[in-house]
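Structure, as structure tokens:
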Amino acid sequence: MEFSLCSFDGALPVEVTVDDDNGRYTIRKSDRSGEYFNSSNELIAWVKKHFHEDEFCHPHEFRGMLAKLAEYEVNGSYF
């Protein structure tokens, strides 16, 4: 599951990746720095703590990402 969100603080989108098949749980911020996690739960907790919808050009896309991540937490899958 991958998300690409336009943010106000940079030209590049913020990219959030939850890839259980390959064990990739990453965030690339708009300044090209990144965060790497050992599990999807760590990534989701980080997103909830550090990102806020008013940082993004399209807040509804951010809320949609949070909804999918919440569903993933409950069901263990994003299908």
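Computed over heavy atoms, backbone and side chain alike; hydrogens, waters and symmetry mates excluded.
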| task | Could you walk me through whether Y25 and I44 pass side chain to side chain contact (heavy atoms under 4.5 Å, CB included), step by step? | result | CA-CA 9 Å; Y25 309 101; I44 293 168; over 6 Å; no
| field | side chain to side chain contact (heavy atoms under 4.5 Å, CB included) between F37 and W46, worked out | value | CA-CA 9 Å; F37 305 92; W46 192 96; 3.5 Å; yes
| task | Please assess V47 against M65 for the test side chain to side chain contact (heavy atoms under 4.5 Å, CB included), listing each intermediate value before the final yes or no. | result | CA-CA 10 Å; V47 166; M65 177 187 71; 3.8 Å; yes
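Between the OH atom of Y36 and the OG1 atom of T17 there is a distance of 10.0 Å, given to the nearest 0.5 Å. In this structure, CG on L43 lies 11.0 Å from CG on N38, to the nearest 0.5 angstrom. Interatomic distance, E61 CD to F3 CZ, rounded to the nearest 0.5 Å: 11.0 Å. In this structure, E2 CD and D19 CG are separated by 7.0 Å, a value rounded to the nearest 0.5 Å.
A 4.5 Å side-chain heavy-atom check between D9 and D31 finds every atom pair outside the cut-off. With a 4.5 Å cut-off on side-chain heavy atoms, I27 and F51 count as touching. Within the 4.5 Å cutoff, side-chain heavy atoms of V14 are placed close to those of F56. Between M1 and L69 the shortest side-chain heavy-atom distance falls below 4.5 Å.
At a threshold of 4.0 Å, the pair E35-K29 counts as salt-bridged, since one of the basic side-chain nitrogens sits closer than that to a carboxylate oxygen. Using a 4.0 Å cut-off between charged side-chain N and carboxylate O, E73 and K48 make a salt bridge.
A distance-only check finds a donor-acceptor pair linking the side chain of E55 to the backbone of H52 [under 3.5 Å]. Although no hydrogens or angles enter the test, the distance criterion places no donor-acceptor pair under 3.5 Å between the side chain of N22 and the main chain of R24.
In terms of heavy atoms, P59 sits closest to E53 at CB-OE2, 3.8 Å. Nearest heavy-atom pair across C6 and C57 is SG-SG, 2.6 Å. Nearest heavy atoms, V18 versus S40: CG1-CB, 3.9 Å. Across L12 and S30, no two heavy atoms sit closer than the pair O-CB, 3.1 Å.
For the 3.5 Å distance criterion, the side chains of S39 and N41 fail to qualify, holding no donor opposite an acceptor.
Between H58 and H60, the ring planes lie perpendicular to each other; the angle is over 60°, past the 30° to 60° tilted range.
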